[in-house]
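Please read the structure below before turning to the comments.
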Protein chains: 2
Amino acid sequence: MGRVSAPTSSTYRQPDRSEIRIETVLHALADPVRLDMVRQLARCEGELACGGFDVSVSKSTLTHHLRTLREAGVIGSRPMGTTRQNWLRRKDLDALFPGLLDGILAAPR
Amino acid sequence: MGRVSAPTSSTYRQPDRSEIRIETVLHALADPVRLDMVRQLARCEGELACGGFDVSVSKSTLTHHLRTLREAGVIGSRPMGTTRQNWLRRKDLDALFPGLLDGILAAPR
DNA sequence: ATCGAACTTCGATGATCGTCGTACAAGGAG
DNA sequence: CTCCTTGTACGACGATCATCGAAGTTCGAT
């Protein structure tokens with residue numbers, strides 16, 4: 001039957017640079033779990049699979065946080081086999097809000 | 001009865017620099033109304049009375065937003081006669097999270 | 001074709017949040 | 001002292017949020 005199947009396409013929604021809004025980014029970063037995830041992405045300097053994050057929440061909650069970050073434009077992600085790779089959109093964030101990400105990552109603890 | 005009446009002292013609670021937490025600051029700045037208020041404070045380069053903000057919410061909501069910003073450590077405030085003066089704690093924020101405030105204020109629109 | 005691993009989707013739940021109107025307190029002016 | 005102005009405290013209400021478990025999907029391997 002006509003299942004064209006863009007594979008769960010709603011999940012892939014990622015804003016392009018011009019659509020990223022500062023309020024949404026700040027809201028995404030204001031959660032302790034998500035901020036920690038962003039720090040882990042910044043530290044690893046590359047991509048991280050969903051299962052590669054060290055967090056203390058359930059898997060479904062992890063998915064929720066990843067979507068929040070992705071839809072805010074903080075991270076990008078692409079499926080890779082049965083896993084999904086995530087990365088920090090540092091270039092876009094630095095271009096839009098120069099200093100913001102570094103300022104946040106420089107925060108004590 | 002023993003109403004000592006430190007003048008609504010709970011309202012004056014302001015964290016000192018070492019108590020300011022990045023998650024709280026980000027949460028405070030993530031609201032459109034509050035972010036706009038911070039922009040107004042940054043633009044005026046000085047102090048602003050509560051009534052001096054150009055916002056589209058009721059007075060009690062304004063009070064609520066000012067308290068959120070104050071308790072997060074984003075602004076300081078002191079009573080002055082019947083009014084209350086508010087200012088951006090730029091020095092503290094720049095020291096703790098260098099670049100964050102400028103990055104946010106540089107955000108398009 | 002079957003299995004397991006890796007994520008996502010779908011309610012549901014309890015907590016926090018933004019908003020308001022009303023009532024109250026404090027200070028200045030008459 | 002009596003007003004008027006400025007701002008705060010107190011519920012209350014609807015919306016959003018973080019969290020979870022159970023069920024479903026997708027893909028690679030056997």
Side-chain angles (χ1 to χ4, degrees), chain A residues 1 3-14 21 23-38 47-72 74-87, chain B residues 1 3-14 21 23-38 47-72 74-87:
Chain A
M1 295 293 291
R3 269 294 241 94
V4 186
S5 166
T8 49
S9 75
S10 79
T11 303
Y12 294 157
R13 238 186 74 52
Q14 301 182 28
R21 292 188 352 211
E23 292 94 341
T24 314
V25 170
L26 292 173
H27 170 254
L29 296 175
D31 182 271
V33 176
R34 287 194 291 263
L35 183 57
D36 196 41
M37 291 166 62
V38 166
E47 305 192 337
L48 228 48
C50 300
F53 289 94
D54 179 23
V55 291
S56 54
V57 293
S58 73
K59 213 138 60 119
S60 49
T61 302
L62 214 209
T63 296
H64 160 69
H65 285 314
L66 284 168
R67 179 171 45 196
T68 301
L69 287 170
R70 183 169 349 105
E71 293 183 344
V74 176
I75 68 173
S77 82
R78 75 188 146 84
M80 202 186 142
T82 138
T83 80
R84 176 187 293 268
Q85 298 293 326
N86 307 274
W87 64 92
Chain B
M1 295 296 289
R3 272 293 244 91
V4 185
S5 165
T8 49
S9 76
S10 78
T11 303
Y12 295 155
R13 240 186 72 52
Q14 301 181 27
R21 292 188 353 207
E23 293 94 341
T24 313
V25 170
L26 292 173
H27 170 255
L29 295 175
D31 181 89
V33 176
R34 288 193 291 261
L35 183 56
D36 196 42
M37 290 166 62
V38 167
E47 305 192 337
L48 227 49
C50 301
F53 290 94
D54 180 23
V55 292
S56 54
V57 294
S58 72
K59 220 156 33 143
S60 48
T61 302
L62 214 210
T63 296
H64 161 68
H65 285 314
L66 284 168
R67 178 172 46 196
T68 301
L69 287 170
R70 185 172 44 240
E71 292 183 346
V74 176
I75 67 174
S77 81
R78 76 188 147 85
M80 202 186 143
T82 140
T83 82
R84 178 187 291 270
Q85 298 293 325
N86 306 275
W87 63 92

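The chains referred to below are lettered A, B, ... by the order of the sequence lines, with proteins before strands, and numbering in each begins at 1. Worth knowing before you read on, the calculation uses all heavy atoms, side chains too, and leaves out hydrogens, waters and symmetry mates. What you see is a predicted model, and the numbers here were worked out from it, not measured in a lab.
Here Asp36(B) contributes atom CG and Leu29(B) contributes atom CG; the two are 12.0 Å apart, rounded to the nearest 0.5 Å. Of the inter-residue distances, the one linking Leu35(A) atom CG with Leu69(A) atom CG reads 9.5 Å to the nearest 0.5 angstrom. Rounding to the nearest 0.5 angstrom, the gap separating the OG1 atom in Thr83(B) from the CE atom in Met80(B) is 6.0 Å. Separating the NE2 atom in His64(B) from the OG atom in Ser58(B) is a distance of 10.5 Å, to the nearest 0.5 Å. The CD atom of Glu23(A) sits 11.5 Å away from atom CZ of Arg34(B), with the distance rounded to the nearest 0.5 Å.
When the C1' atom of dC17(C) is taken as reference, atom CG of Leu29(B) falls 16 Å away, rounded to whole Å. Atom CG of Asp36(A) and atom C1' of dA18(D) are 16 Å apart (whole Å). Across the protein-nucleic acid pair, Arg78(A) atom CZ and dC27(D) atom P stand 15 Å apart, rounded to whole Å. Across the protein-nucleic acid pair, Leu48(A) atom CG and dA6(C) atom P stand 14 Å apart, rounded to whole Å. Following rounding to the nearest Å, Met80(B) (CE) and dG7(D) (C1') show an atom-to-atom distance of 15 Å. The separation between Arg13(A) atom CZ and dT9(C) atom P is 13 Å, rounded to whole Å. Atom CG of Leu66(A) and atom C1' of dT9(C) are 15 Å apart (whole Å). For the pair Leu26(A) CG and dC17(D) P, the computed distance is 14 Å after rounding to whole Å.
Put simply, the side chain of Asn86(A) never gets that close to the backbone of Ser77(A): no donor and acceptor are under 3.5 Å apart.
Applying the 4.0 Å criterion to OP1 and OP2 of dT6(D), one finds that Thr82(B) has every side-chain N and O outside that range. For dG7(D), the OP1/OP2 oxygens have no side-chain nitrogen or oxygen of Arg67(B) closer than 4.0 Å. For the pair Arg84(B) and dT8(D), the criterion of a side-chain N or O lying under 4.0 Å from OP1 or OP2 is met.
Here Glu47(A) pairs with Arg78(A) under the side-chain hydrogen bond (donor to acceptor under 3.5 Å, both in side chains) rule; sequence neighbours left out.
Thr83(B) comes within 4.0 angstrom of the backbone, heavy atoms only, and of no base.
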Problem set entry | Annotated protein contacts, base or backbone, on nucleotides 18-24 of chain C with a non-hydrogen cut-off under 4.0 Å, one of B, S, - each | SBBB---
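Of all heavy-atom pairs spanning Val57(B) and Leu62(B), the tightest one is CG2-N, 4.0 Å.
Residues Met37(A) and Leu66(A) are in side-chain contact: their nearest non-hydrogen atoms beyond the backbone lie under 4.5 Å apart.
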Seminar exercise, completed: Writing each nucleotide of DNA chain C 5' to 3' as (, ), [, ], | or . by Watson-Crick or G-U pairing under 3.5 Å yields ||||||||||||||||||||||||||||||
